[in-house]
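In what follows, a single structure is set out as structure tokens and then discussed.
Heavy-atom basis, side chains included; hydrogens, waters and symmetry copies ignored. Labels below follow one simple rule: chain letters A, B, ... track the order of the sequence lines, proteins then strands, and each chain is numbered from 1.
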Amino acid sequence: MKDQLRLAIQTALKQCYADGSLTSGELPDEVQLEIPKNPEHGDFSTNLAMTLAKPERKAPRKIADVLVAALQGNPLCDKIEIAGPGFINFRLAASCWYGVLDQITAQGSNYGRSQIGAGTKIQVEFVSANPTGPLHIGHGRGAVVGDAVAAVLQAAGFEVQREYYINDAGNQISTLGRSILLRLRELQGETIEFPVDGYQAGYIAELAAKYRSEQGELSGVSEAEAIESCARFGVAEVLTWIEADLRDFGIEFDHWYSEKSLYDRAMVDQELNKLKEKGLSFTEEGALWLRTTEFGDDKDRVLVKSDGSYTYFASDVAYHMEKFDRGFDRVIDVWGADHHGYIPRMKAMLAGLGHPPEDLEVLLIQMVNLLRDGKPYIMGKRSGNFITLKEVVGEVGRDACRFFFLMRRCDSQLDFDLELAKQQGSDNPVYYVQYAHARVCSINRNAAEAGVKIPQSGEIDYSRLELTEELALVKQLARFPETVVSAALSYEPHRVIFYLQDLAAQFHSYYNRYRVLVDDPASSRARLYLVNSVRTVLANALHLLGLSAPERM
RNA sequence: GCGCCAGUAGCUCAGUUGGAUAGAGCAACGGACUUCUAAUCCGUAGGCCGAGGGUUCGAAUCCUUCCUGGCGCGCCA
């Protein structure tokens, strides 16, 4: 709808240049069209005349006059007005709007999808928690946001891959191995002293017990081999936990990428050599450095330490270089906000390799403050006194949990109140939206009982939808596709949540004020058609975010 | 000290990427179930958009200087 109008305006503008009524020849890249806050200002509004004021060297309202004259008689528009400092306000013909209902009916679960991103390959890498323990609640937010960003991008036509990067190399893995080994020795009757830097949590003992029953006792191997063996076992085991917890949360990855495999395939050295050849790295004090300061970082960063071992940054660099080798046009990383200091060095690395900085987008996920009844729920890291994702999802439910994580922009901190999320009452916005869907389904059941079928396109007399509330609902439905596009282009899935709440509110209000199934069959059919379009869009938006659309509640 | 994020109604947050009179949900108060599900609706009240300065036709939004809160600033991961 918006695009059609935009096209009409562009045509009119060109026509004005052709017949000389406007002279600058300026063609803006995009005609800005917005939906005015005040409905008296029409369905759409453009500031085009104001932006042309400078190049045309005329008063905005004069330019608007010319444009409006050129647009006169356009079948899309019911009324065109010039207002304020030079806005052009459009009121579209009601008949245009009702076509949206036919579109929704025809497209069904595809309504809202578009092809804006067609031909662009994007990878979204998210969660990527160390496989040294179960996912906790903090990982949950990144998981849902990453998943939803990937989903809206897909809906906008981008080719998307979801990837989990497994940090299965480095110190934290040997710590895991050592911790399991010590618990194992304990099980074998030895008295051990558990180091403070070991993993204390209870699941380590679980892993040790499982190791013992599956692999038997450890004997006749060196300490290093024993740690290695325990580490491998632990990583594999923990990864199955993580994968299962994520699946229960509705999240599946296309690809699990092992850090260790980078080393096994000598990819790290290979990619570091490329950097060396390009003169981006240098050796100093026995270490290999990446010259990130040339591209905006505060200081240069070490890739290979003076003892010959690699930094975490080295494998990260290799990993990201390899992502682009795999043919992705754009790469999105979802990180915890505490890692924000890494952005400049990663972008610097890409800049050094000739990538524009926008090719890597890092979404920072701010902290989750877990509350219970309004009081902070403190979690200790080392002590193992943390709430796992699995526990939270089990307690509050998958839909409520996902909804809460998506309710806010990801770069603002989130208060997550367990009691609030669990409540099945009016305080809980997820049920508010789902209830709207269930209500339409309920109407359908009543209609079926009365022998009224849900109408198809062509069986409707649109003149029966004459209420302002009905036209407003249709307009809201028409906004869904552009909402998805804007959520995708800005990587902000919360926009879809707000859209859902708005649509549900409009529907509930309409439902309370008017009956859908009335005595007059033509009116019943028309209204049934309308509310089922609402149902389709509610379901599409809910499913897009990985939420269920229940038929009864 | 430097950097990143945030600061909007009593609370939690939106704000269409610079547009017209700044919005919603909770909480408060007053109403609506003989009628398709009251997990709902209708109404009232609530504001120096952290503060100052700047940019322009126009600023919650962009620039700048402060203030407050959170998080970072390793040859750790």
Side-chain angles (χ1 to χ4, degrees), chain A residues 32-38 40-41 45-47 50-51 53-54 59-60 83-87 89 130 132 167 169-173 175 284-289 298-299 301-313 315-316 336-344 364 366-367 369 374 407-415 417 420 423-436 438-447 449-450 479 482-483 486 489-490 492 494-495 497-498 501-502 504-505 507-518 524 527-528 531 552-553:
Chain A
Q32 287 180 45
L33 267 183
E34 58 162 30
I35 298 170
K37 274 173 278 192
N38 186 341
E40 282 174 27
H41 294 141
S45 160
T46 182
N47 60 357
M50 282 134 88
T51 57
K54 208 162 268 178
F87 290 105
N89 295 335
N130 290 343
T132 54
N167 294 113
N171 288 338
Q172 80 280 5
I173 297 301
T175 304
E284 194 177 286
E285 294 173 18
L288 182 70
W289 300 71
D298 303 338
K299 48 197 317 198
R301 306 293 173 176
V302 172
L303 291 164
V304 183
K305 299 182 229 172
S306 49
D307 68 359
S309 61
Y310 297 91
T311 61
Y312 184 84
F313 183 50
S315 50
D316 248 9
D338 51 342
H339 289 79
H340 71 257
Y342 272 70
I343 296 176
L364 294 175
Q366 278 292 350
M367 303 185 69
N369 299 314
M407 254 182 352
R408 308 220 180 308
R409 272 189 11 226
C410 67
D411 52 9
S412 67
Q413 293 186 26
L414 171 68
D415 289 330
D417 194 312
L420 188 63
Q423 254 176 52
Q424 307 237 329
S426 51
D427 288 354
N428 200 332
V430 61
Y431 297 113
Y432 180 85
V433 174
Q434 291 180 324
Y435 187 50
R439 269 184 151 172
V440 180
C441 293
S442 172
I443 295 171
N444 287 343
R445 285 191 293 270
N446 286 310
E449 218 167 286
R479 298 179 67 172
E482 64 205 61
T483 302
S486 81
L489 297 182
S490 60
E492 290 183 348
H494 76 274
R495 296 184 186 205
I497 289 279
F498 281 91
Q501 293 183 317
D502 287 344
F507 169 75
H508 282 310
S509 176
Y510 175 70
Y511 177 95
N512 265 277
R513 190 150 175 194
Y514 306 100
R515 279 186 64 86
V516 171
L517 302 173
V518 288
S524 281
R527 290 182 174 182
L528 208 45
V531 297
R552 53 180 91 225
M553 290 172 73

(message) Looking at A:F507, I'd like to know if the NZ or CZ of A:R439 sits under 6.0 Å from its six-membered ring centre while staying within 45 degrees of the ring's axis.
(response) no

Taking N or O atoms only and anything under 3.5 Å, show me the protein contacts with nucleotides 41-45 of chain B, one pair per line.
from: B:C41; atom 1: OP1; to: A:Y432; atom 2: OH; distance (Å): 2.4
from: B:C41; atom 1: O4'; to: A:N512; atom 2: ND2; distance (Å): 2.9
from: B:C42; atom 1: OP1; to: A:S509; atom 2: OG; distance (Å): 3.0

(message) I'd like to know if the side chain of A:N167 pairs up with that of A:Y312 as donor and acceptor (distance under 3.5 Å, no hydrogens or angles considered).
(response) yes

(request) Check whether the side chains of A:S486 and A:R495 place a donor and an acceptor atom closer than 3.5 Å, and report yes or no. (result) yes

(request) Would you mind telling me which residue lines up with the more 5' stretch of RNA chain B, A:H339 or A:K299, judged by nearest nucleotide? (result) A:K299

(request) Could you please name the option among B:C71, B:U37, B:C75 that lies closest to any side-chain atom of A:S306? (result) B:C75

(message) Using a 3.5 Å limit for the pairing distances, which stems of at least 3 consecutive Watson-Crick or G-U wobble pairs does RNA chain B take part in?
(response) B:1-7 with B:67-73, B:10-13 with B:23-26, B:28-32 with B:40-44, B:50-54 with B:62-66

(message) Can you tell me which residue among A:Y435, A:Y514, A:Y431 is in a ring pair (Phe, Tyr, Trp, His ring centres under 6.0 Å) with A:H508?
(response) A:Y435

(request) Establish, from distance only, whether the side-chain atoms of A:D307 and A:S309 form a donor-acceptor pair under 3.5 Å. (result) yes

(request) Can you check each nucleotide of nucleotides 12-19 of chain B against protein heavy atoms at under 4.0 Å and return B for base, S for sugar-phosphate only, - for none, in 5' to 3' order? (result) SSSSBB-B

(message) Once rounded to the nearest 0.5 Å, what's the spacing between atom OG of A:S315 and atom CG of A:L303?
(response) 10.0 Å

(message) Run the ring-ring contact (aromatic ring centres under 6.0 Å, His included) test against A:F498 and tell me which residues pass, sequence neighbours left out.
(response) A:H494

(request) Please figure out whether A:I443 or A:D307 has its closest RNA chain B nucleotide nearer the 5' end. (result) A:I443

(request) Tell me, please, which residues at least two apart from A:P344 pass side-chain contact (heavy atoms from CB on, under 4.5 Å). (result) A:D297

(message) If you compare every side-chain N and O of A:Y431 against the phosphate oxygens of B:A39 (OP1, OP2), does one of them come in below 4.0 Å?
(response) no

(message) Run the side-chain contact (heavy atoms from CB on, under 4.5 Å) test against A:S509 and tell me which residues pass, sequence neighbours left out.
(response) none

(request) State the syn/anti category of B:C57 according to its glycosidic angle, syn meaning within 90° of 0. (result) anti

(request) Check the chi torsion on B:U17 and let me know: syn if it falls within 90° of 0, anti if not. (result) syn

